[in-house]
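Reading through the structure tokens given below for one structure.
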Amino acid sequence: RKETLLRCIMLNYIWAFMILVGILYGSVTGNISAVGNGILDSAKEAVSLCVTMLGVMALWTGIMEIANESGLIRAATNRIIPIIRGLFPELPKEHKAWNYISLNIIANILGLGWAATPAGLKAMEELQSLNRSDVASDAMCTFLIINISSLQLIPVNIIAYRSQYGSVNPAAIVAPAILATLVSTLAAVFYCSIKINKKSKIH
């Protein structure tokens with residue numbers, strides 16, 4: 001917690017320094033009015049983007065809730081667990097972490113990062129309950145790597161950003177995003193498999 005707090009403080013100092021430099025440079029070069037206009041325009045864009053993302057988030061959160069109530073999430077979870085079980089050999093079969101891990105993966109596949117985060121945090125809590133050390137366990141590291149690589153079929157956030165900033169075809173990013181995240185996920189799975197096999201041979 002102390003390290004996290006120190007990092008936040010350092011980021012605050014960095015951003016404050018950058019803002020101050022920008023204002024001073026604008027004053028020296030006679031462009032202070034442009035700096036002021038840029039601040040106001042950026043603030044307006046930030047609010048507009050937040051409203052757009054709020055609508056997108058509400059839509060997909062509602063869809064996820066419908067899928068959950070209809071049992072679709074449970075069915076998808078049951079199908080994913082056998083696929084990913086080999087990545088977590090030390091995790092008991094009936095442990096609660098499986099549900100959170102699978103839900104996190106499903107949300108990431110659908111591009112719902114905000115829905116994936118709570119499930120990811122709960123998964124880490126459950127994995128830590130099995131860990132007798134302050135150092136992250138193999139399962140925790142594997143889950144983090146898979147979560148970061150994150151195969152996405154529908155990059156909702158990027159589509160929303162592109163739409164907000166006037167893209168003619170916001171969904172054109174879908175195919176490249178699928179290819180890029182597929183490669184990153186396969187690389188993550190391959191890396192984790194190698195590490196797990198090496199450790200099992202050592203022990």
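Residue I39 shares its hydrophobic cluster (ILVMFWY side chains chained together at separations under 4.5 Å) with I19, I23, I32, V35. If you chain together ILVMFWY residues whose side-chain heavy atoms come under 4.5 Å of each other, L24 ends up grouped with L20.
Note on residues 90-102: no pairs pass salt bridge (charged side-chain N to carboxylate O under 4.0 Å, His left out), not counting sequence neighbours. Within the structure, ring pair (Phe, Tyr, Trp, His ring centres under 6.0 Å) contacts touching residues 77-105 (residues at least two apart or in different chains) are F88-W98. Among residue pairs with one or both ends in residues 12-33, those qualifying as side-chain hydrogen bond (donor to acceptor under 3.5 Å, both in side chains) are T29-N31; sequence neighbours excluded.
By the ring pair (Phe, Tyr, Trp, His ring centres under 6.0 Å) test, F143 pairs with no residue at all, sequence neighbours left out. Scored by the side chain to side chain contact (heavy atoms under 4.5 Å, CB included) test, L186 finds L182 as partners (sequence neighbours excluded). Residues satisfying the salt bridge (charged side-chain N to carboxylate O under 4.0 Å, His left out) test with E45, not counting sequence neighbours, are none. By the side chain to side chain contact (heavy atoms under 4.5 Å, CB included) test, S184 is found to be paired with S149, T181, residues two or more places apart in sequence or in another chain being considered. Listed by chain and residue number, Q164 satisfy the side chain to side chain contact (heavy atoms under 4.5 Å, CB included) test with S48 (two or more places apart in sequence, or in another chain). Applying the side chain to side chain contact (heavy atoms under 4.5 Å, CB included) criterion to V189, with sequence neighbours excluded, gives L87, I146, T185, S193.
Looking only at side-chain heavy atoms (C-beta outward), Q152 and S150 come within less than 4.5 Å of each other.
Hydrophobic clustering (ILVMFWY, side-chain heavy atoms < 4.5 Å, transitive): L91 and M124 are in one cluster. Transitive grouping of hydrophobic side chains (ILVMFWY, heavy atoms separated by less than 4.5 Å) keeps Y191 and I83 in distinct clusters. Both I178 and I148 belong to a single network of hydrophobic side chains, linked directly or stepwise wherever heavy atoms of I, L, V, M, F, W or Y lie under 4.5 Å apart.
Heavy atoms of other residues, nucleotides or ligands lying less than 6.0 angstrom from CZ of R79 number 12 at most.
Taking CD1 from I80 and OG from S102, the interatomic distance works out to 6.0 Å, rounded to the nearest 0.5 Å. Here the straight-line distance linking atom CD1 of I101 with atom CD of E126 works out to 9.5 Å at 0.5 Å rounding. Atom OG1 in T117 sits 6.5 Å away from atom CG in L121 (nearest 0.5 Å). Note: M140 CE to Q128 CD = 4.5 Å, rounded to the nearest 0.5 Å.
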>> Would L103 and K122 count as a side chain to side chain contact (heavy atoms under 4.5 Å, CB included) here? Give the steps.
In response: CA-CA 10 Å; L103 182 59; K122 291 296 293 183; over 6 Å; no
With a cut-off of 3.5 Å and sequence neighbours excluded, list every side-chain donor-acceptor pair involving residues 104-112.
{"from": "N104", "atom 1": "OD1", "to": "N108", "atom 2": "ND2", "distance (Å)": "3.2"}
{"from": "N104", "atom 1": "ND2", "to": "A116", "atom 2": "O", "distance (Å)": "2.7"}
{"from": "N104", "atom 1": "ND2", "to": "N147", "atom 2": "OD1", "distance (Å)": "3.1"}
{"from": "N108", "atom 1": "ND2", "to": "N104", "atom 2": "O", "distance (Å)": "3.3"}
{"from": "N108", "atom 1": "ND2", "to": "N147", "atom 2": "OD1", "distance (Å)": "2.8"}

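For R162 (side chain) and A171 (main-chain N/O), no donor-acceptor pair under 3.5 Å exists by modelled atom type.
The minimum heavy-atom distance between S137 and N131, with the atom names listed, is N-ND2, 3.7 Å.
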